[in-house]
2 protein chains.
Amino acid sequence: MRNYRGCAMPTNTRLAVALHILSGLAYRASSGKGSVTSAELAGSVNTNPVVVRRILGELAKAGLVTSTGGRGGGYELARDPARIRLDAVLVAIEPEGLFSVHENPANRACTVSCGIKPALGQLFERADHALREHLRGTTLADFLRRVESAG
Amino acid sequence: MRNYRGCAMPTNTRLAVALHILSGLAYRASSGKGSVTSAELAGSVNTNPVVVRRILGELAKAGLVTSTGGRGGGYELARDPARIRLDAVLVAIEPEGLFSVHENPANRACTVSCGIKPALGQLFERADHALREHLRGTTLADFLRRVESAG
DNA sequence: TTGATCCGTCACCAAAACAGTTACGACATC
DNA sequence: GATGTCGTAACTGTTTTGGTGACGGATCAA
């Protein structure tokens with residue numbers, strides 16, 4: 001599908017890249033190896049190490065990964081892949097939720113205009129919650145198994 | 001929250017505007033009046049009539065509204081608000097789903113890189129489905145009641 | 001101590017999408 | 001025919017994203 005400007009949809013690939021990175025870390029952890037550098041991960045994702053480090057920075061802030069600097073340094077999962085639920089990844093990457101209410105000031109003469117914002121806020125909050133609940137049912141270990149069986 | 005560039009999140013307001021517009025049409029329908037012009041709706045949303053018409057074009061393609069040109073023309077709901085489920089609105093506005101897989105070519109030497117795309121595709125498809133199922137539980141009539149009680 | 005890595009972050013660029021605006025043709029109604 | 005409305009094109013400005021180079025600071029090995 002194309003939008004009215006004839007361009008493809010936007011939709012971030014940042015969640016996809018985050019899951020790719022985390023799968024790489026989980027895969028490496030299952031092999032018993034130590035930390036992984038941003039350059040190695042960038043080679044797997046086929047992008048630039050800085051892009052990988054930016055996303056890893058958000059995952060680190062959320063407590064999902066840890067990093068060590070210097071020679072032999074890199075990134076590791078902060079805990080076992082079976083204890084990382086995918087809703088935590090979504091929250092780390094998109095902390096504000098997926099939908100947003102328009103900021104346009106309300107037209108005081110219009111009933112709909114005056115009531116729309118709280119109604120939308122409640123609707124979007126519940127929709128985000130439903131999405132997170134769904135993702136909560138899958139762990140990173142589950143996801144890695146699907147990646148390995150798909151390859 | 002702010003992202004790495006210090007800017008606010010993106011996230012379309014197009015779904016919010018679409019629900020605002022549809023609420024306006026449903027509200028007018030409940031008053032027994034006829035069609036509503038894009039200029040009237042733009043006054044409620046506080047935006048430009050062309051922005052409203054663009055979104056209404058997508059809703060019309062999805063069969064949710066109809067339009068009539070010429071003097072006295074405008075937009076009307078295609079069916080009763082109690083028979084419009086909000087998942088249909090999401091599909092009309094975001095037909096490709098909310099998430100997308102990165103297009104970077106796979107690194108053949110990497111197990112994760114080779115298996116990530118089908119795994120992400122399946123995960124995102126199921127997440128979108130869960131979200132649509134949630135929205136399916138609310139009709140435009142339900143939503144309008146919340147708008148009216150919130151005002 | 002020195003050097004080699006590696007993270008963390010900044011600055012910059014190009015591509016893409018959205019919101020807003022003006023304009024104009026097509027069409028229906030009066 | 002005049003009026004009013006949709007449908008759409010073109011353009012601008014703002015914002016986000018992805019990609020790239022650069023550099024300081026931290027860490028580790030020799």
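Hydrogens, waters and symmetry mates play no part in the numbers below; they use all other heavy atoms, side chains included. Every chain is numbered from 1 and lettered A, B, ... according to where its sequence line falls, protein lines coming before strand lines.
- One interatomic measurement links the two molecules: CD of B:E40 to P of D:dG4, which rounds to 14 Å at whole-angstrom precision.
- Salt bridge status for A:E40 with A:R28: present, with a side-chain N to carboxylate O gap under 4.0 Å.
- For B:R14 (side chain) and B:I55 (main-chain N/O), no donor-acceptor pair under 3.5 Å exists by modelled atom type.
- Taking only side-chain nitrogens and oxygens, B:T13 comes nearer than 4.0 Å to OP1 or OP2 of C:dA19.
- Spacing between atom CZ of A:R54 and atom P of D:dG21 amounts to 13 Å, rounded to whole angstrom units.
- The shortest distance between the side-chain N/O atoms of B:S38 and the OP1/OP2 oxygens of D:dC6 is below 4.0 Å.
- Atom CG of B:L41 is separated from atom P of C:dA19 by 16 Å (rounded to the nearest Å).
- Rounded to whole angstrom, the span from the CG atom of A:N48 across to the C1' atom of D:dA22 amounts to 12 Å.
- Using a cut-off of 4.0 Å between Lys/Arg side-chain N and Asp/Glu carboxylate O, B:D142 and B:R145 are scored as salt-bridged.
- Distances shorter than 4.0 Å separate some side-chain N or O of B:R14 from OP1 or OP2 on C:dC18.
- Distance CD (B:E103) to P (C:dA15): 18 Å, rounded to an integer number of Å.
- Between A:T68 and D:dA26, a side-chain N or O to OP1/OP2 separation shorter than 4.0 Å is absent.
- Straight-line distance from the CG atom of B:N104 to the P atom of D:dT17: 16 Å, rounded to whole Å.
- With the nearest nucleotide of DNA chain C identified for both A:R71 and A:V50, A:R71 has the one nearer the 5' end.
- Side-chain proximity of A:S67 to the nucleotides C:dC7, C:dA19, D:dC6 is greatest for C:dC7.
- B:N48 contributes no side-chain N or O that, together with a main-chain N or O of B:A42, makes up a donor-acceptor pair within less than 3.5 Å.
- A:S113 contributes a side-chain N or O that, together with a main-chain N or O of A:N107, makes up a donor-acceptor pair within less than 3.5 Å.
- Rounded to an integer number of Å, the gap from A:R53 CZ to C:dC7 C1' is 6 Å.
- When the side-chain nitrogen and oxygen atoms of A:T37 are compared with OP1 and OP2 of C:dC6, none of them lie within a distance under 4.0 Å.
- Counting to the nearest Å, the C1' atom of D:dG18 and the NE2 atom of B:H102 are 13 Å from each other.
- Using a 4.0 Å heavy-atom criterion, one finds that B:G57 contacts no nucleic acid atom at all.
- Between A:V51 and A:G69, the residue anchored closer to the 5' end of DNA chain D is A:V51, taking for each the nucleotide with the nearest heavy atom.
- Within the structure, every side-chain polar atom (N or O) of B:T47 is placed at least 4.0 Å from both OP1 and OP2 of C:dA19.
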